[in-house]
Amino acid sequence: MPEMPEVEIIRRSLINKLKGKQIVQIEILLARQIKWPDKDGFVAMTVGRHIIDIGRKGKYLLLLLDNGNTIVFHLRMTGRLCYTLKEASQDLYKRIIFLLDDGNLLIYADTRTLGTIYALAPGEEWRIEGLSHMGMEPLTEAFTEGYLYDIMYKSKAKIKSFLLNQKKISGLGNIYTDECLHMAGIHPLRLAGSLMKSEIAQLHMAINKVIADGIRDGGTTFRDYRNGEGEKGHHQENLFVYGRNGKPCKVCGTVIEKIVVGGRGTHFCPNCQKLREES
DNA sequence: CAATAGCCCTGGTGGC
DNA sequence: TGCCACCAGGGCTATT
């Protein structure tokens, strides 16, 4: 499931391949994944244009075109973007194919088809709620300990749900959220507004570290995730809690537990992450 | 307003 | 071995 590190790795692996290329033709195999505008409108806004840059905002990937329009991808669970030779074996689950002027393809593939794609004219960011109301992003100057404190102390949400809320902090998904809480030694059921300042400081550091480590390792591949060249990430080898329920904690040896919080599978170490502080 | 349950969607898995 | 209910979960919508 692509979270911020995975989307960033895709961006980095595609930028030199796509920059300056012209979109010659688009083959839309599953039109319902294009959420704005309709199929014909999408083609009209993008075909014949050159890609001048690739950006990212939170988990959204942005292809900036020479007419000022932007193609926006949100990969959700199983979306993939891959630059590939025309004659290379193609993804079984390809949904939208961009033919480029170098003869190669940019293939959008998506097993579960939950991903969303848009073409936006300049100033139309408001059309995507999640893009226009996005919280601060880890590893940026704006994401300070003070910012985290300001949005946390008044929240009544469980910390696990709070961290997943993209309007508060953008980029964390289920995997990295569980990893952050473990690194910071905070139980997922704690209320965001109940954390002490020292714990918020720990959490702030953990969020930046976990995201940076994920990027360093080329992302986390459980099943579907690939970068823009079709390669797996290897951060799954360095996870402390996610998917490790029943296994010993890498820090203290206690068996990792899995519970459901806010409808999401949640992994934690009951020793490293205590619900109540013991004095 | 804020928190949460339900929904979308398909392949892999576990139970019988 | 085959069948099938169930789970995975990001983010939007409806509900409380």
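Lettering follows sequence order; numbering is per chain, from 1. Note that this is a predicted model, so its numbers are computed, not measured.
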Legend entry - Donor + acceptor pair across side chains of A/Tyr60, A/Gln166 (<3.5 Å): no
Legend entry - Distance-only polar pair, side chains of A/Asn174 and A/Tyr242, donor-acceptor under 3.5 Å: no
Legend entry - Sugar-phosphate, base or nothing in reach of A/Lys258, heavy atoms under 4.0 Å: sugar-phosphate
Inset, instruction - If the plane angle is over 60° it's perpendicular, under 30° parallel, otherwise tilted; pick one for A/Tyr153 and A/Tyr149. - result: parallel
Inset, instruction - Indicate whether any N or O donor in one side chain lies under 3.5 Å from an N or O acceptor in the other, for A/Asn238 and A/Asp217. - result: yes
Legend entry - N/O (side chain, A/His74) to phosphate O (OP1/OP2, C/dG10) under 4.0 Å: no
Legend entry - Nucleotide nearest A/Asn174 when distance is taken to its side chain, options C/dG9, C/dA8, B/dC9: C/dG9
Legend entry - Check: A/Tyr83/A/Asp102 side-chain N/O donor and acceptor closer than 3.5 Å: yes
Inset, instruction - Could you check whether A/Tyr60 gets within reach of a base, just the sugar-phosphate, or nothing at all, counting any heavy atom under 4.0 Å? - result: sugar-phosphate
Inset, instruction - Would you confirm whether the ring centroid of A/His74 sits within less than 6.0 angstrom of the ring centroid of A/Tyr118? - result: no
Legend entry - A/Gly130 vs A/Thr266, nearer the 5' end of DNA chain C by closest nucleotide: A/Thr266
Inset, instruction - Among B/dT10, C/dG10, B/dA3, find the nucleotide with the atom closest to the side chain of A/Ser155. - result: B/dA3
Legend entry - Length of the CD1-P vector between A/Ile117 and C/dC12, whole Å: 15 Å
Inset, instruction - Please state how far atom CZ in A/Arg112 lies from atom P in C/dG9, giving the value in whole angstrom units. - result: 9 Å
Inset, instruction - Would you mind classifying the nucleic acid contact of A/Tyr225 as base, sugar-phosphate or nothing, using non-hydrogen atoms under 4.0 angstrom? - result: nothing
Legend entry - Under-4.0 Å side-chain N/O to phosphate OP1/OP2 contact, A/Tyr242 with C/dG9: yes
Inset, instruction - Check whether the side chains of A/Arg264 and A/Ser161 place a donor and an acceptor atom closer than 3.5 Å, and report yes or no. - result: no
Inset, instruction - Please state whether the rings of A/His235 and A/Tyr176 are parallel, tilted or perpendicular, taking 30° and 60° as the class boundaries. - result: parallel
Distances for protein N or O near nucleotides 4-8 of chain B N or O, under 3.5 Å:
residue : atom : partner  : partner atom : Å
B/dT4   : OP1  : A/Lys158 : NZ           : 3.3

Inset, instruction - Measure from CG on A/Asp91 to P on B/dT10 and round the result to the nearest Å. - result: 15 Å
Inset, instruction - Measure the distance from CG on A/Leu75 to P on C/dG11 and round it to the nearest whole Å. - result: 10 Å
Inset, instruction - Remember a base hit wins even if backbone is also touched, and classify A/Leu164 as base, sugar-phosphate or nothing at under 4.0 Å, heavy atoms. - result: sugar-phosphate
Legend entry - Salt bridge A/Asp66-A/Arg49, side-chain N to carboxylate O under 4.0 Å: yes
Inset, instruction - Starting from P on C/dG11, measure out to NZ on A/Lys168 and report it in whole angstrom. - result: 15 Å
Legend entry - Spacing between A/Gln166 atom CD and C/dT13 atom P, to the nearest angstrom: 16 Å
Inset, instruction - From the options C/dC12, C/dG10, B/dG11, select the nucleotide whose nearest atom is closest to the side chain of A/Thr111. - result: B/dG11
Legend entry - Axial bend angle, the helix from B/dA2-C/dT16 to B/dC16-C/dG2: five-pair end segments, nearest 10°: 60°
Inset, instruction - Taking only Lys NZ, Arg NE, NH1 and NH2, and the carboxylate oxygens of Asp or Glu, determine whether A/Lys17 and A/Glu229 approach each other closer than 4.0 Å. - result: yes
Legend entry - Nearest-Å distance for atom pair CG/C1', residues A/Leu92 and B/dG11: 11 Å
Legend entry - Length of the line joining A/Asp224:CG and B/dC9:P, which is rounded to integer Å: 17 Å
